[in-house]
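When reading the values below, keep in mind they use all heavy atoms of this one structure, side chains included, and skip hydrogens, waters and symmetry mates. Atoms within each ligand, like the ligands themselves, are counted from 1 in listed order.
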Amino acid sequence: MFYEPKNPHGLRRNPFKSLVVPRPIGWISSVSRDGRVNLAPFSYFNAVAHLPPIVLFGCNGHHLEGGNKDTLDNVLETGEFVVNICTYELREKMSATSEHLPRDVNEMALAGLEPAPSRLVRPPRVAASPVNLECRVITSVKLPQTDPEEPNTTVFGEVIGIHISEDIITDGMIDMTKFRPIARLGYHDYTVVDTVFTMRRPG
Ligand SMILES: Cc1cc2nc3c(=O)[nH]c(=O)nc-3n(C[C@H](O)[C@H](O)[C@H](O)COP(=O)(O)O)c2cc1C
């Protein structure tokens, strides 16, 4: 089959989010200018460079109360965020933090997650997450909007501090069988990294 996204696809559900998969989940903590903590998951998220390390996340859609989602407003206002990597064990709490809630709700506290202080930025880390990336905003890009009411902005951040729990390190290497990060598939589906294969590059 072939379709242009501006036209009907003819399937039961929009397939797009099931096609570019799996998408890692950036579980992003941020603070507002007046210090209110926010936490939300973003699967339009990835690392795009390592010299220096750079990540991006895409905020697509509006807040319950209209305008930008809290994460986007906070990150653009303060220039800082933390990416917490979500593991299988934390899946339910991650999902709880995606609820559309009034602006003053701290989703980290709501989900019963302990904060841990960051070293170089103001937003706290999710203590239970074995990997936390402290980030400083490099730039943000406003992308085309299908609907003028649905903001669509991608934020690039330089990773300036990295926390790794000793629990996921074996012989100086990140041990995926201990880490078990989850990633987003389409619909209501997720996957967990529990199978690894190794392949050397030629040359
Ligand atoms: C696994 C998962 C991935 C998500 N990915 C995105 C995303 O990439 N972009 C986005 O705008 N919203 C995404 N959402 C929805 C946001 O998490 C949700 O709108 C949240 O309420 C935003 O919170 P905030 O207003 O506190 O920033 C995702 C939700 C889940 C459960």
Side-chain angles (χ1 to χ4, degrees), residues 13-48 55-113 115 121-126 128-129 131 133 135 137 140-157 180-193:
R13 299 272 305 272
N14 185 337
F16 181 70
K17 290 201 258 179
S18 302
L19 301 175
V20 184
V21 288
R23 288 185 305 282
I25 299 171
W27 199 10
I28 296 184
S29 40
S30 60
V31 289
S32 62
R33 242 191 308 249
D34 55 4
R36 281 175 297 159
V37 173
N38 197 92
L39 178 66
F42 291 83
S43 71
Y44 294 139
F45 163 76
N46 222 316
V48 291
V55 293
L56 61 70
F57 71 93
C59 216
N60 200 192
H62 66 276
H63 189 274
L64 172 76
E65 296 163 11
N68 289 339
K69 294 184 180 182
D70 289 335
T71 303
L72 183 60
D73 271 351
N74 291 350
V75 164
L76 296 182
E77 272 173 28
T78 64
E80 297 180 337
F81 62 98
V82 174
V83 175
N84 306 278
I85 301 296
C86 183
T87 61
Y88 185 74
E89 205 186 345
L90 293 170
R91 66 195 182 285
E92 300 284 357
K93 289 185 189 293
M94 178 281 296
S95 181
T97 65
S98 75
E99 191 176 344
H100 291 133
L101 295 161
R103 293 204 185 275
D104 53 358
V105 175
N106 173 347
E107 295 90 353
M108 203 182 291
L110 186 89
L113 291 159
V121 297
R122 270 214 311 160
R125 302 177 285 129
V126 172
S129 169
V131 173
L133 311 176
C135 300
V137 172
S140 64
V141 184
K142 278 194 169 189
L143 299 173
Q145 294 171 236
T146 303
D147 177 338
E149 300 295 312
E150 305 291 355
N152 186 16
T153 298
T154 291
V155 178
F156 290 78
R180 305 195 79 211
I182 61 168
R184 192 76 172 92
L185 304 176
Y187 314 123
H188 298 298
D189 300 335
Y190 293 81
T191 187
V192 56
V193 178

Proximal ligand 1 atoms for [X], defined as those under 4.0 Å from one of its heavy atoms:
X	value
C59	11 (O)
Y190	1 (C), 31 (C)
R184	1 (C)

Would you confirm whether [X], through its side chain, and [Y], through its main-chain N or O, come within 3.5 Å as a donor-acceptor pair?
X	Y	value
R125	L133	no
N60	N152	no
N46	V48	no
N68	D73	no
S29	P124	yes

Taking [atom] as the reference point, the nearest protein heavy atom with its distance:
atom	answer
atom 25 (O) of ligand 1	D70 N, 2.9 Å
atom 8 (O) of ligand 1	Y44 N, 2.7 Å
atom 26 (O) of ligand 1	N38 ND2, 2.8 Å
atom 18 (C) of ligand 1	S98 O, 3.5 Å
atom 3 (C) of ligand 1	S43 N, 3.6 Å

Query raised in the report: For ligand 1, is E99 a contact, meaning one of its heavy atoms is under 4.0 Å away?
Result: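 E99: in contact with ligand 1 (<4.0 Å).
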
Q. Does some non-hydrogen atom of G58 fall short of 4.0 Å from ligand 1?
A. yes

At under 4.0 Å between heavy atoms, what of K69 touches ligand 1? The answer is both

Practice task
Could you tell me whether H63 approaches ligand 1 through its side chain, its backbone, both or neither, with non-hydrogen atoms closer than 4.0 Å?
Solution key: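 The answer is the side chain.
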
For this session: Kindly identify the option in N152, L72, T71, T154 whose heavy atom sits closest to atom 27 (O) of ligand 1.
Result: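 It is T71 whose heavy atom sits nearest to atom 27 (O) of ligand 1.
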
Is it the case that ligand 1 has an N or O less than 3.5 angstrom from some N or O of [X]?
X	answer
E107	yes
P41	yes
A40	no
S95	no

Apply side-chain contact (heavy atoms from CB on, under 4.5 Å) to V141 and F156, showing your working. CA-CA 8 Å; V141 184; F156 290 78; 4.0 Å; yes

Worksheet item: When E107 is tested against each of T71, N38, L113 for side chain to side chain contact (heavy atoms under 4.5 Å, CB included), which residue passes?
Response: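 Exactly one pass, corresponding to N38.
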
Quiz prompt | S30 vs D70 side-chain heavy atoms within contact, under 4.5 Å | solution = no

Using the ring of each side chain (for Trp, its six-membered ring), is F81 parallel, tilted or perpendicular to F57, with breaks at 30° and 60°? perpendicular

Quick one: salt bridge (charged side-chain N to carboxylate O under 4.0 Å, His left out) pairs with a partner in residues 17-40, sequence neighbours left out?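 Residue pairs passing salt bridge (charged side-chain N to carboxylate O under 4.0 Å, His left out), neighbours aside: R33-E77, D34-R36.
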
Margin query: Can you tell me if Y187 has over 12 outside heavy atoms packed within less than 6.0 Å of its OH?
Written below: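 It does: Y187 OH has more than 12 such atoms within range.
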
